[in-house]
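Before any comments, here is the structure.
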Amino acid sequence: MSETQTPVRVRFAPSPTGYLHLGGLRTALFNWLHARHTGGKFILRIEDTDQKRFNPESLEDLMTGLRWLGLEWDEGPDMGGPYGPYTQSERQAIYTEYAEQLIAAGYAYHCYCTAAELDAMREEQRAKGLAQGYDRRYRNLSVDEQAALQAEGRPSVIRLAAPLEGTTVVHDLIRGDIEVENSSILDPVLVKSDGMPTYHFAVVVDDHLMKITHVIRGEEWISSAPQHKLLYDAFGWQMPVLVHLPVILDPSGKGKMSKRKTVVAGKEYLALVHEFIEAGYLPEAMFNFLTNVGWNYDPEQEIFTREQAVERFDIRGINPTAAALPYSKLEWMNGMYIRELAPADLQQRLAPFLAKQLGLDEAELRQSERLAKLVPLVQERIKLLTEAWDKIDWAFIPANEIAYPDPTILISKGLDGTQTVAVLRTGVELLEEVEPFTAVALEALFRTAAEAAGIKVGSYFAPFRVAITGRTVSPPLFESMEVLGRDETLARVENAILALQSHIGEKV
RNA sequence: GCCCCCAUCGUCUAGAGGCCUAGGACACGGGCCUUUCAAGCCCGCGACAGGGGUUCGAAUCCCCUUGGGGGCACCA
């Protein structure tokens with residue numbers, strides 16, 4: 001059995017401080033893919049050790065985002081599991097115990113440095129042009145000195161006593177060995193003065209206790225990996241396999257994607273998962289899209305299913321190069337997925353968007369026969385679920401409410417106002433007599449009429465398009481007429497004639 | 001400033017020494033189809049950052065330069 005086929009335990013461990021963005025979602029996705037590919041477990045762990053930055057809303061947003069993409073987890077804060085709790089703030093006693101263990105073994109020590117003291121130290125380093133960082137000033141306190149400070153009631157943190165010499169090597173599955181001088185590891189804080197662990201300590205303890213086999217996380221963690229290694233070594237634990245995913249770049253290509261919207265050349269780019277949901281992206285498309293950034297399913301095949309991705313995903317094939325998301329490809333892909341949807345399915349997905357945009361009842365739209373007929377007409381014309389409304393809004397407006405604020409758009413190229421009125425009048429007759437009232441019959445009849453009038457079909461059809469939809473661009477004309485039915489179609493054409501007549505001043 | 005990571009079309013990628021006159025996709029340009037708009041189909045544009053090695057042979061291996069990115073908190 002190859003390595004990636006051995007069941008694994010991986011985790012997505014976000015900090016609930018803000019809304020989930022695409023970078024985080026991609027990290028979760030790759031973890032999930034690796035778990036599903038190997039038949040392993042995908043664990044959700046909440047890293048909320050910074051109480052100042054905790055934001056309960058973000059927890060909700062996070063889970064919603066993961067579920068939206070279909071990244072269900074096997075163990076997590078909401079469902080528990082064999083190695084819980086899965087929320088770090090509930091594991092404080094565990095960290096304290098392990099920290100004590102480290103102190104007892106000489107791998108960690110209490111540091112009584114105050115915030116003011118640290119500031120002064122950094123200020124001095126800056127002034128002298130020295131490298132900035134903790135200078136280990138409390139590392140070698142005598143027993144008496146330590147007791148005195150403790151008696152004084154001075155708060156302390158627990159720091160790692162990093163080796164002063166030598167190098168530490170960590171191995172990354174896709175990047176190879178990463179080597180750093182131990183002297184550059186400046187005794188990082190393990191436990192804060194409020195008793196909470198720092199990320200660096202909690203992540204090591206939890207990954208070990210939760211039996212995590214592969215740590216798949218963002219590239220921004222590479223530089224802290226060596227200090228994690230030191231902790232694993234101090235405890236005598238086996239370090240999980242490390243995989244540092246390339247960061248996702250800002251659409252401009254410079255800098256890590258942030259949670260703020262970025263604007264490039266006047267165009268606004270989304271970053272947060274909930275924004276993509278609201279913009280009408282399909283989770284299937286997002287899944288497909290994200291999977292192919294930093295990894296590649298098949299160089300000759302862009303579109304693939306979730307199952308195919310799970311089947312073929314190979315963590316060793318991850319590309320280490322940072323990438324900017326190709327947003328235009330996402331849009332294209334979303335359009336592809338929309339086109340492949342069963343119309344009834346698309347109707348259901350469109351309903352909530354249309355309800356909001358057109359001020360209609362969502363439940364009614366789900367059942368609406370009219371919408372069911374319109375869906376195939378817009379299906380190949382939209383890339384986002386939010387784009388349907390202004391292509392079909394006319395079908396939900398009563399005929400007598402269709403206004404033509406600018407009647408000149410009724411007049412098609414090559415015709416004048418009077419000729420256009422004449423065409424529309426002929427149309428009224430056709431609409432009255434056509435049988436059955438179907439797109440096929442209508443088109444045949446109107447084509448014949450256009451030919452008889454010696455007018456190009458494009459010019460002949462155009463006024464009807466505007467009469468019916470109020471727009472010069474619309475779904476196919478005769479299908480639209482069929483959706484409306486004879487009476488409504490006639491009413492609209494007659495309204496248009498009146499509007500145009502009053503515009504050109506012709507007597508009725 | 002110090003440490004670390006990375007380097008193929010505008011963007012996402014294929015490429016693990018000869019299959020590469022570097023393949024695919026999006027975007028872009030042109031054409032076909034066509035009742036508008038789309039969709040679809042066809043064609044085109046377009047890259048191995050630079051310099052040294054290694055080798056019979058390098059996009060692929062090594063080194064340097066350059067460029068980009070990440071990290072240097074009692075945030076994660």
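Chain identifiers are assigned alphabetically (A, B, ...) following the order of the sequence lines, protein sequences preceding nucleic acid strands; residue numbering begins at 1 within each chain.
- Between A:K256 and B:rG71 there is a side-chain polar atom (N or O) within less than 4.0 angstrom of OP1 or OP2.
- Between A:Y269 and A:Y327, the ring centre distance stays below 6.0 Å.
- Picking from B:rC26, B:rU13, B:rA73 the nucleotide with the shortest atom distance to the side chain of A:R122 gives B:rA73.
- Residue-level contact check: A:W221 touches the bases, meaning some heavy atom is under 4.0 Å from a base atom.
- Taking the P atoms as reference points, B:rG70 lies 35 Å from B:rA39, given to the whole Å.
- Taken from CG in A:L231 to CG in A:L160, the straight-line distance is 5.0 Å, to the nearest 0.5 Å.
- Within residues 438-449 of chain A, the residues approaching RNA chain B are A:E443, A:R447, by heavy-atom distance under 4.0 Å.
- Spacing between B:rC20 and B:rA76 at atom C1', rounded to whole Å, works out to 45 Å.
- The side chain of A:E220 approaches B:rG70 more closely than any other nucleotide in the set B:rC26, B:rU13, B:rG70.
- Counted by atom type alone, A:E60 and A:Y19 present zero donor-acceptor pairs between their side chains at under 3.5 Å.
- Of the candidate nucleotides B:rC74, B:rG69, B:rU35, B:rC74 has the atom lying nearest to any side-chain atom of A:T198.
- The CD1-P distance, from A:I409 to B:rU36, rounds to 17 Å in whole Å.
- Straight-line distance from the CD atom of A:E479 to the C1' atom of B:rA39: 14 Å, rounded to whole Å.
- In this structure, A:N319 reaches the B:rA14 phosphate: one of its side-chain N or O atoms is under 4.0 Å from OP1 or OP2.
- With a cut-off of 3.5 Å on both pairing distances, the Watson-Crick or G-U wobble partner of B:rA25 is B:rU11.
- Evaluation of the salt bridge (Lys or Arg N to Asp or Glu O under 4.0 Å) test over residues 442-460 of chain A, restricted to residues two or more places apart or in two chains, returns A:E443-A:R447.
- Comparing A:S223 and A:A322 by the nucleotide of RNA chain B whose heavy atom lies nearest to each, the residue mapping closer to the 5' end is A:A322.
- The aromatic rings of A:Y297 and A:F304 sit parallel, their planes meeting at an angle under 30°, below the 60° perpendicular limit.
- Checking A:D50 against A:Y199 by side-chain atom types alone, no donor-acceptor pair falls below 3.5 Å.
- Applying the 3.5 Å distance criterion, the base of B:rC74 shares a donor-acceptor pair with the side chain of A:S193.
- In this structure, A:P14 reaches neither bases nor backbone, as no heavy-atom distance under 4.0 Å exists between it and the strands shown.
- Listed candidates were B:rC4, B:rA7, B:rA76. Nearest to the side chain of A:T321 is B:rA7.
- The separation of B:rA58 from B:rA49, taken at their P atoms, amounts to 15 Å, rounded to a whole angstrom.
- Side-chain polar atoms of A:N55 and A:T17 form no donor-acceptor pair below 3.5 angstrom.
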With side chain to side chain donor-acceptor pair (under 3.5 Å) as the criterion, how do A:N182 and A:E165 come out once you've worked through the C-alpha distance, each side chain's angles and the decisive distance to 0.1 Å? CA-CA 6 Å; A:N182 287 333; A:E165 297 172 343; over 6 Å; no
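- Comparing B:rA76, B:rU36, B:rC12 by their closest approach to the side chain of A:P476 singles out B:rU36.
- In terms of position on RNA chain B, the residue among A:E300 and A:L325 whose nearest nucleotide sits closer to the 5' end is A:L325.
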Could you walk me through whether A:E284 and A:R349 satisfy the salt bridge (charged side-chain N to carboxylate O under 4.0 Å, His left out) test, starting with their C-alpha distance in whole Å, then the side-chain angles of each, then the deciding distance to 0.1 Å, before giving a yes or no? CA-CA 13 Å; A:E284 296 94 324; A:R349 301 203 199 208; 2.6 Å; yes
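- Taking the P atom of each, B:rG53 and B:rG44 are spaced 38 Å apart, rounded to whole Å.
- The residue A:A324 sits close only to the backbone: its heavy atoms come under 4.0 Å of sugar-phosphate atoms, none of a base.
- Backbone-only contact: A:V293 has heavy atoms under 4.0 Å from sugar-phosphate atoms and none from a base.
- Using N1 to N3 plus N6-O4 or O6-N4 for Watson-Crick, or N1-O2 and O6-N3 for G-U wobble, each under 3.5 Å, B:rC41 pairs with B:rG31.
- For A:R465, the side-chain atoms get nearest to B:rU35 when compared with the rest of B:rU35, B:rC5, B:rA25.
- Aromatic pair A:Y98/A:F201: centroids not less than 6.0 angstrom apart.
- As the counterpart of B:rG1, B:rC72 is assigned, both hydrogen-bonding distances of the Watson-Crick or G-U wobble pattern falling under 3.5 Å.
- Residue A:I222 is in sugar-phosphate contact alone, with no base atom involved, counting any heavy-atom pair closer than 4.0 Å across all strands shown.
- Closest approach to the A:S15 side chain among B:rA76, B:rG70, B:rC4 is made by B:rA76 (side chain taken as heavy atoms from C-beta onward).
- If you check B:rA49 for Watson-Crick or wobble pairing at under 3.5 angstrom, you find it paired to B:rU65.
- Nearest nucleotide to the A:H200 side chain, out of B:rA76, B:rC26, B:rC12: B:rA76.
- Here A:T49 reaches the OP1 or OP2 of B:rA76: one of its side-chain N or O atoms lies under 4.0 Å away.
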Could you list, one pair per line, each protein nitrogen or oxygen that sits under 3.5 Å from a nitrogen or oxygen of nucleotides 64-66 of chain B, together with the distance?
none

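- Contact annotation: A:R471 side-chain N/O to B:rU36 OP1/OP2 distance is not under 4.0 Å.
- In this structure, the nucleotide among B:rU11, B:rA39, B:rC26 sitting nearest to the side chain of A:P326 is B:rU11.
- A:E179 comes within 4.0 angstrom of sugar-phosphate atoms only, judged by non-hydrogen atoms across all strands, and of no base.
- A:M481 comes within contact range of no nucleotide atom at all, as no heavy-atom separation falls under 4.0 Å.
- Residue contacts for A:G294: at a heavy-atom cut-off of 4.0 Å it reaches the sugar-phosphate backbone alone, with no base atom in range.
- Counting all heavy atoms, side chain and backbone alike, A:H244 lies closest to A:R175 at O-NH2, 2.8 Å.
- For B:rC37, its base sits under 3.5 Å from the side chain of A:R381 at one donor and acceptor pair at least.
- Straight-line distance between the P atoms of B:rC26 and B:rC42: roughly 11 Å, to the nearest whole Å.
- As judged by a 4.0 angstrom heavy-atom cut-off over every strand, A:E302 is placed among the base-contacting residues.
- Using a 4.0 Å cut-off, no side-chain N or O of A:K329 falls inside it from OP1 or OP2 of B:rU13.
- Of the candidate nucleotides B:rC74, B:rA14, B:rA27, B:rA27 has the atom nearest to the side chain of A:S328.
- The side chain of A:K192 contributes an N or O atom lying less than 4.0 Å from OP1 or OP2 of B:rC75.
- Heavy atoms of A:C113 sit under 4.0 angstrom from at least one base atom.
- Ion pairing between a basic and an acidic side chain is recognised when a charged N comes within 4.0 Å of a carboxylate O; A:R122 and A:E124 show no such pairing.
- Going from the C1' atom of B:rC9 to that of B:rG29 covers 15 Å, rounded to whole Å.
- Ring-plane geometry between A:Y460 and A:F446 is classed as perpendicular, the angle between the planes exceeding 60 degrees on a 0 to 90 degree scale with a lower cut at 30.
- For the C1' atoms, the distance linking B:rA25 with B:rG15 amounts to 16 Å, nearest Å.
- Look at A:K373 and A:E479 and you find no salt bridge, because none of the NZ, NE, NH1 or NH2 atoms lies under 4.0 Å from a carboxylate O.
- The same atom, P, is picked in B:rG17 and in B:rC72; the two are 37 Å apart, to the nearest Å.
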